Undergrad: 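Mind having a look at this structure? Questions to follow.
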Amino acid sequence: MQSILETFDELFREAFITIGYPGELGGVQESFRGIAPYQCNGAMRASGISKKRGTYVSPSDVASLVIKNLQNHPMIDKLEIGGPGFINIYPSVNSLRDRALELLFDKNLGIKQELPLSIIIDYGGANVAKPMHVGHLRSAVIGESIKRILRAQGHNVIGDVHMGDWGLQMGHLISELQIEQPNLPYFDENITSDFPDISPVNMDDLARLYPQASAAAKNDDDRMELSRTATAELQSGRLGYRALLEHFISVSVAALKVGYGKLGVEFDLWKGEACVDPLIPDMIKELKLKNITEEDNGALIIRVQEENEKLDIPPLMLLASSGAVLYHTTDMATLVDRKETNNPDLIIYVVDQRQALHFEQVFRAASKAGWFHPDQLIHVGFGTMNGKDGKPFKTREGGVLRLQDLLDIMNNSARKRLEESGIGIGFDYHERLEIARKVGLAALKFADLQNQRLTNYIFDPVRFTSFEGKTGPYLLYAVVRIKSILRKAVSANIVLEDQSIDLSHSSEQQLLIALDAFGKSVSIAGVKYSPHILCDHVYRVAQAFSRFYADCPILSEEIPKPLQSSRLSLAKLTLLQLEKALNILGIEAPERM
RNA sequence: GGGUCCGUAGCUCAACUGGAUAGAGCAGCCGCCUUCUAAGCGGCAGGUUGCAGGUUCGAGUCCUGCCGGGCCCGCCA
């Protein structure tokens, strides 16, 4: 199962070897300049090599030699030299036809299957007690897509939300709750069991308590001390506090499941930092035994700076001088946990790029401890979400935009657009709502995913809710048009034979060439952990399909049966690929819209 | 100060391993619904890739310096 691109790549590598140059010069790539579908650029470099050898051959002569070698190949229609020595490659229509049938019957739709690795992907970035807002969008959406890309390639991937539920933030919550409700049994040191099953707080309480405490502690050392003490007591195992933490976590998880569910994001594990707390004492013993820790100003650290290294990288901090554990510590303990329970080949962290240094420290320390090779630990960062002014996005009132509000904006906007178009008028109310939900969510996710990860992201509600051009809804539109044709074909008793595919029209050929690149796009997106590469591909396919749709009628009476059947198969193939690709991006399409 | 990411069309973004005339979408202009969904299709226009050097057949991409911006830099997570 090989794409046309890969086949040409092999052919040209062989050809370069045949005429005495390194095979790598024969790399073939897609050409997006409207000259030819594919091109090979190795002749210039080959010419350079010949010069060094003292037997100069001009680029165009190298290209001529290569062409001579590949003449009359059944997969090639035409080869020509362009510019200084570019080889333009035109595939034969037969090769496109063969490829179309192959794709139609490939259960992986052209996605190359890799040797399965066991992978944990840590994404979502959720915290206990903090409601989801726009800042949580990217990790969830990008992480989910990377998870699905890797699964599509055959890897075994476990997604872990890995909540922030440990450390000072919990101390803030506990102490703030104590100020509000001092008589709760959790705060009475004499009570050590039989705490109530019902949580004393709900999600709204938590969402209020945390910023309240954090603001109060900022300018008040005594208030901060209360939080620190509560943190330390929680971590040393005070039972009332532990019981309280359980409530905080379960209240938060319930809310998070709803939030992520609305985004179509699913986790296999709902672990958090608190889960690995019991592993910390033994881990510290182990690290001390391995002689990689040091005491420094009362704190326990691991130095991760290499000798003679210019980079000024601070040490990893295992224990604060107060004895409290920190973010570093729990991340290290999480690695111990993952090593023991899953022993994965790879751990991927989809976390804001601002934490790059943190992960560098943890990865180095884990490597020093001998747990993982540095190549096994990967930080997939992404840019921050800013407003139009380039600063972190704020609502008009200056606050953070809640995720639910964002979803509502998308939803309403999609519903309005649906009403304006008048198309959904025959659908019942619930179907219209469901379509609006899917359209809004597709717009949101595609807008997020199509950016290259690392660039900062400008959140512009106006642009997000426009459903024309390179947007999620454009892709859905292509999908539902195909579904509509297939439905009509069924009711007209047109049989889908999938026997032969014609491809005489250039729009049919262009569509097939676009479809052929799917496998490569998934591979590159997987290697680079970059869903935007797949977004680009899907958009190209949808574009090629729209052109085909406009140029090549299918159900019209005037179309001869064999051509009709062929075009129907091509439409079906496009649908299969679009649905798979959208699924990998985490985007759901309606049946009709 | 050190590190890191970035600077591409009016706006938002692409450009894989250094490849031809730097591509899309939006906004603007011109066409296309008696034919499978016009959330569509075709076309026009829009650029000194922040600046200056360097490497080479060839640079948005690699190197050096500068200008501008975001972010990070041991007891928050």
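Nothing here was measured: the structure is a model prediction, and the numbers come from that model. Per chain, numbering begins at 1; letters A, B, ... match sequence-line order.
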Undergrad: In whole angstroms, how far is the P atom of rA14(B) from the CZ atom of Phe32(A)?
TA: 16 Å
Undergrad: For His358(A), which contact category applies under a 4.0 Å heavy-atom criterion: base, sugar-phosphate, or nothing?
TA: nothing
Undergrad: Need one value for Pro553(A): base, sugar-phosphate or nothing, where a base atom within 4.0 Å counts as base even if backbone is also close, heavy atoms only.
TA: base
Undergrad: Which part of the nucleic acid, if any, lies within reach of Leu326(A) when heavy atoms closer than 4.0 Å are counted: base, sugar-phosphate only, or nothing?
TA: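 Touches sugar-phosphate only.
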Undergrad: Going by salt bridge (charged side-chain N to carboxylate O under 4.0 Å, His left out), name the residues that satisfy it together with Asp331(A), two or more places apart in sequence or in a different chain.
TA: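 Not a single residue meets the salt bridge (charged side-chain N to carboxylate O under 4.0 Å, His left out) criterion with Asp331(A).
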Undergrad: Any base atoms under 4.0 Å from Ile554(A), or only sugar-phosphate, or nothing? Heavy atoms, all strands.
TA: base
Undergrad: With a non-hydrogen cut-off below 4.0 angstrom, is Gly469(A) in contact with a base, only sugar-phosphate, or nothing?
TA: sugar-phosphate
Undergrad: Contact class for Gly48(A) vs. all strands (heavy atom < 4.0 Å): base, sugar-phosphate, or nothing?
TA: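 Result for Gly48(A) = nothing.
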Undergrad: If a stem is a run of at least 3 consecutive Watson-Crick or G-U pairs, both distances under 3.5 Å, which stems include RNA chain B?
TA: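 If one scans RNA chain B for consecutive Watson-Crick or G-U pairs, the stems found are B:1-7 with B:67-73, B:10-13 with B:23-26, B:28-32 with B:40-44, B:50-54 with B:62-66.
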Undergrad: Look at all strands and tell whether Lys51(A) reaches a base, only sugar-phosphate, or nothing, counting heavy atoms closer than 4.0 Å.
TA: nothing
Undergrad: When you match Leu319(A) and Asp9(A) each to their closest nucleotide on RNA chain B, which lands nearer the 5' end?
TA: Asp9(A)
Undergrad: When all nucleic acid strands are considered with a 4.0 Å heavy-atom cut-off, which category describes Arg540(A): base, sugar-phosphate, or nothing?
TA: nothing
Undergrad: Is it the case that the base of rC75(B) and the side chain of Ser321(A) share a donor-acceptor contact (distance under 3.5 Å, atom types as modelled)?
TA: yes
